[in-house]
Amino acid sequence: MKRFAQVILKTANADIDRVFDYEIPLELISSMEVGVRVSVPFGPKNTRTEGYVVGFSDSPGVDENKIKMVIGVLDRYPVFSEETIRLSRWMKKKYYTTLTQCLQTVMPAGVGIRNEVRLIGFNVPKEELENEKSRLKLMESRIGQLFVIEFIEKFGPSEASEIKRRLKISDSPIKTLIKRGILKEEIKQKRRPVFNSVKTEQKKIELTKEQNFALEAVNAPSDKPVLIHGVTGSGKTEIYLKAIENVISKGKEAIVLVPEISLTPQLSQRFFERFGNAAAINHSRMSPGERIEVWQKAKNKEISIVIGPRSAVFAPFENIGIIIIDEEHEGSYISENTPKYDAREVAEYRCRNGGKVVYGTATPSIKTYTRALNGEIDLVKLKNRPFNREMPVTEIVDMRQELAFGNRSIFSRRLYDEIKYNLERNMQTILFINRRGYSTFISCRKCGHVMMCKRCNVSYTYHSHDNILRCHYCGQTASVPEICPECGSKYIKYFGTGTQKVEEEVKRFFPSAVVLRMDMDTTSKKNSHRDILSEFGKGNADILIGTQMIAKGHDFPKVTLVGVIAADISLNTGDYRSGETTFQLITQVSGRAGRDMLAGKVVIQTYNPDNYIINLAAKSDYESFYEKEIAIRKTMGYPPFTNLFSALIFGERENEVIDEANRLSYILEKNNGDEKFMILGPSPAVISKINDEYRWRIFIKGNDENDLRDFVVNCVNEHRKGRCRRVTVNISLNPQSIV
C-alpha cells in the first residue's frame, strides 16, 4: 500500500505556502517521521528542494499519476515535533507570515550539522589480525593500512578523524580495511562540553515575607501568568531558582529567558551552581554545533533547564512547567526578523496546558502592567531589597548650569567629584550612555554638510579607535574627510558623544583608573560579553562604560556609583514609547548601584531636569509614571487603548516603492468604507533608506485586534496579487520600533 508524506517546502514564496503530497519510496518508509527534513523534486524542472514533513496520508488530494517521489531524508532525527508544528501554525496566523518561515524560526539553530563521529575498531579476532599485518608488511603500497591497525592496537577504538590527523593519511586505508571486514565503524553522537556546569554546595537562603508571597503566587495552580514587580535588587532571581526547584521536583522542565546575551553569563552561573548539568545555555554567539548539542540534550531529556535570549523559548521540551521572562519590559523579546514574533506571547502559548509564565521586572511594560491591573495577570510586588539594604541615593544634575559655569566637559562637577571619591575608596563605578561610537556625526561648520551613509539615509558615526566613519544600520565604513566634500572648507567638526568619547575623557581625567567599555563594538567576538563582565566582576577594573547592555540585570557588589551621562538621549526619538523607554533605562541602570551592603549613589546628568520622566525614574516611582503615561496614551489613542498596524513598503527603486505604497493605501481606503479604521500615510519612514532600500510606511489604527488584523491582512493579500515583485510589504502589529 502506498504512503504519502505531506510536505511544506522551504521557500519564501507565500503563493506556495501550502502542503504538497509526495509518495514515500519503500526504502524510506522506516526513516520517515513527522518533523523530518526531506529532499523533494519541485516545479516543471523537478528542482531538488528542501521540505518539512508535517503529516501523512494514505491517499493524496490530487491525481496519483501527478504525485512525485521523495528523494531522500536529510537528518537521522526529526527537527520538529507535533507540538512545534502546532506552534508554527499558530505563529503563522498570529504574525501574518508563512508557515515555512515559522518552521524555520522554530527549527533548532545548527540543524544539518551532524554532531557525529566515526568510531573505528577491530572486527576480527587477534589471530586473523596478525595474519593481516604479516600480509601488509610484504606490500609497500599498503603501508597506510598497516599503520592504521598498529594505531588502533596502541590506542584502542578511535575516531576516524583522529587516526587520519595523527597518521597524516587519507580516508582510503580505513575504508579499504572496513570493506575487507578487518575493521568496523560505528557512528556515535559526538558530545562536546559546551558549558561549565558545576553544582556547588548552597548556603540556605531565607526568603523575606515579600519573596515568600511572590513564590506562593508562582507555585499556585492558577492558569494566569504572574508578574513579579520588584524594585531593582529585590531578590527576584532567588524566587526564580526556588520556583524551578519546585517544577523540577515534579519531573517538569523550565525555560528562563533573558533580554540580552550579556545577561546570560552571570545569571546562568547561579543556575549552574544550583542545578549543575541539568541546566544549559543557548544563544546566538555559540557555534552552530554547540547550539544543536544543547537542542539534542533538551530533546533527549538530558537537561531540564534552558537559559537564553528570545529564541530559547523554542527549546524542544515536551513537559514545560514554567517559563520565566526576566526584564519582561525589554523590546528585544520581539524579533526584528520575519516572523516578528513576541517571545512573551509564544511563552504563554506554550504554557497553555498547565505551565506557568512568570514575568519579572522593576519597570513593567505599559502593556503588561495594564493586563495585570485588568486581572489578566496575577500581580505581586517586591517593594524592598532583602537584608535591609537601601535603594541608592539619586541626584539630578542640570547640565545647563554646568555650561553657565564654563564646564564644557562630559562630566558635571558633581559626577567628577563622585568618581574621584569612588576611586580613592577602591570602589567601582558604572557610566552609562546609550550611544556607542565617539561622536554622533561629523559636520562642516561652514556649509552645514553632514557626512551621510550613501546606502542609508542616516549620518555616519565617528569611531576614534579605527579613525573611521561607520553606519550603524548597514555597517558600511568611510574614511574621515580632511576637507568638506561639499564646499571644500577645512572646518570639519565632531558633534555628540558616544561610549568611545566617554572612555577617552575618563582616561584623560582619571589616568590611573582601569577602564572597560561594553558596547556593540567591543562585544562582537565570541565570549566577549562574558570576558568583560568577568573582569569587572573580579574587581580587575575600576570603571565600566557601556550602553543599555550594562543597564539591567547585573549584580556587582563593589559598584557604589552609577553615572548617567546623557539622560535625554532616548527622550526625543519620535517614538510614542520614548518616555517608557527612558524611564526604564534610567531606573534599571540606577539599580546597579548599592546591590550589596554598601550604600549606592546615582548621578543623572540632563538638560531637562524638570522632566517628569527623569524625576520619577530617579525616585524609582513606577506607579506615578504609569498613571501619567497611561493618561497620555489614552488621550492620544496609542496602545494599549488602540492597536497600531505598521505596513512597511521597501525596495531598491524609489519610484516603485512610492507607487506600491500609494496602491496599498488606495486598497486600504477603498475597503474602509465605514471608516472603522484610521489610516495614516503613506509617507517616508523615519529612516527613509537603509542598505540601499527605500522605505515608506502606512499606519492603520483600530480598537479590536482581530478585526484590525483581518482588515489589514485581507488588504495586503489583495495588494499582493498585482504588486511589483521587486517591492516587499511587511506588516506588524504594535511594532517595537517605527524607524
Side-chain angles (χ1 to χ4, degrees), residues 4-22 24 32-43 47-57 60-62 67-68 70-71 73-75 77-112 295 299 310-311 313-316 318 334-343 345-350 352 645 647-648 705-706 709-710 712-721 723 725 728-733:
F4 300 90
Q6 297 171 331
V7 177
I8 292 285
L9 300 176
K10 179 184 177 181
T11 174
N13 189 339
D15 295 332
I16 55 174
D17 184 48
R18 58 187 177 85
V19 169
F20 291 88
D21 288 314
Y22 284 89
I24 306 171
M32 195 69 68
E33 298 179 65
V34 168
V36 296
R37 294 187 309 141
V38 291
S39 179
V40 295
F42 184 75
T47 305
R48 187 183 288 249
T49 305
E50 183 178 316
Y52 315 119
V53 176
V54 296
F56 299 101
S57 66
V62 295
I67 298 293
K68 300 174 183 178
V70 173
I71 297 172
V73 178
L74 298 178
D75 300 300
Y77 49 83
V79 294
F80 307 112
S81 65
E82 297 274 8
E83 172 61 19
T84 52
I85 291 173
R86 280 192 291 271
L87 171 62
S88 298
R89 293 187 188 278
W90 173 83
M91 288 173 62
K92 172 187 176 179
K93 183 177 180 181
K94 180 75 176 176
Y95 301 114
Y96 339 108
T97 183
T98 65
L99 181 57
T100 298
Q101 287 172 315
C102 294
L103 287 169
Q104 288 175 302
T105 300
V106 173
M107 185 189 299
V111 70
W295 182 86
K299 188 172 183 294
R310 181 178 64 225
S311 62
V313 76
F314 300 118
E318 296 178 356
I334 298 179
S335 172
E336 295 178 356
N337 303 316
T338 302
K340 293 179 169 58
Y341 70 91
D342 186 332
E345 294 173 339
V346 174
E348 290 194 21
Y349 178 85
R350 294 204 69 186
R352 68 196 183 282
F645 244 109
L648 177 65
E705 179 182 331
N706 292 326
R709 177 194 293 114
D710 291 344
V712 173
V713 170
N714 289 337
C715 289
V716 169
N717 286 339
E718 182 180 340
H719 171 266
R720 182 186 290 128
K721 292 175 183 176
R723 71 172 171 84
R725 296 291 176 180
T728 303
V729 177
N730 275 350
I731 57 176
S732 56
L733 178 65

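Given the structure is predicted, the values throughout are model-derived calculations rather than measurements. Nothing fancy with the numbering, it's 1 onward along the sequence.
A search for ring pair (Phe, Tyr, Trp, His ring centres under 6.0 Å) contacts involving F56 returns nothing, not counting sequence neighbours. When the ring pair (Phe, Tyr, Trp, His ring centres under 6.0 Å) test is applied to F20, the partners found at least two apart in sequence or on another chain are F42. K92 is linked by a salt bridge (charged side-chain N to carboxylate O under 4.0 Å, His left out) to D17, counting only residues two or more places apart in sequence or in another chain. Taking R709 as the reference, E705 meet the salt bridge (charged side-chain N to carboxylate O under 4.0 Å, His left out) condition, with sequence neighbours excluded. Qualifying side-chain contact (heavy atoms from CB on, under 4.5 Å) partners for P78, counting only residues two or more places apart in sequence or in other chains: E33, V36, K299. Under the ring pair (Phe, Tyr, Trp, His ring centres under 6.0 Å) criterion, F4 pairs with no residue at all, not counting sequence neighbours.
Each of Y341, W295, Y349 was scored for a ring pair (Phe, Tyr, Trp, His ring centres under 6.0 Å) with F314, with one residue passing: Y341.
Put simply, the side chain of T84 never gets that close to the backbone of L87: no donor and acceptor are under 3.5 Å apart. The main-chain N or O of I731 is never found under 3.5 Å from a side-chain atom of K340 such that the two would form a donor-acceptor pair.
Put simply, the side chain of Y22 does not reach to within 4.5 Å of the side chain of I71, judged on heavy atoms. Two residues are said to be in side-chain contact when any heavy atoms from C-beta on lie closer than 4.5 Å; R37 and V73 fail this criterion. Counting heavy atoms from C-beta outward, K721 and N717 have side chains that stay 4.5 Å or more apart. By the 4.5 Å heavy-atom criterion applied to side chains, V729 and R720 are not counted as neighbours.
T97 contributes atom OG1, which lies 9.5 Å from atom CD of Q104 (distance to the nearest 0.5 angstrom). T49 contributes atom OG1, which lies 8.0 Å from atom CD1 of I16 (distance to the nearest 0.5 angstrom). In this structure, the separation between CG on L9 and OG1 on T98 is 11.0 Å, given to the nearest 0.5 Å. For the atom pair OH (Y52) and CG (L74), the distance works out to 9.5 Å, reported to the nearest 0.5 Å. Expressed to the nearest 0.5 Å, how far CE of M91 lies from CG of L103 amounts to 9.0 Å.
A donor and an acceptor atom, one from each side chain of Q101 and Y95, are nowhere located under 3.5 Å apart.
Residue-environment remark: CZ (R48) stays at or below the threshold of 12 foreign heavy atoms within 6.0 Å. Around the NZ atom of K93, the shell of radius 6.0 Å holds no more than 12 heavy atoms that belong to other residues, nucleotides or ligands.
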How far apart are the C-alpha atoms of V38 and M32, what are their side-chain angles, what is the distance that settles it, and do they pass the side chain to side chain contact (heavy atoms under 4.5 Å, CB included) test? CA-CA 9 Å; V38 291; M32 195 69 68; 3.9 Å; yes
Test side chain to side chain contact (heavy atoms under 4.5 Å, CB included) applied to V54 and F80, step by step: CA-CA 9 Å; V54 296; F80 307 112; over 6 Å; no
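When all heavy atoms are compared, the tightest approach of S88 to C102 is O-CB, 3.6 Å. Shortest non-hydrogen contact noted between K68 and G43 is NZ-O, 3.0 Å. For P339 against T105, the heavy-atom pair with the smallest separation is CD-OG1, 3.1 Å. Minimum interatomic distance between T338 and N730 (heavy atoms only, all atoms of both residues): OG1-ND2, 3.9 Å. A pairwise comparison of heavy atoms in Q6 and S57 identifies NE2-CB, 4.0 Å as the closest pair.
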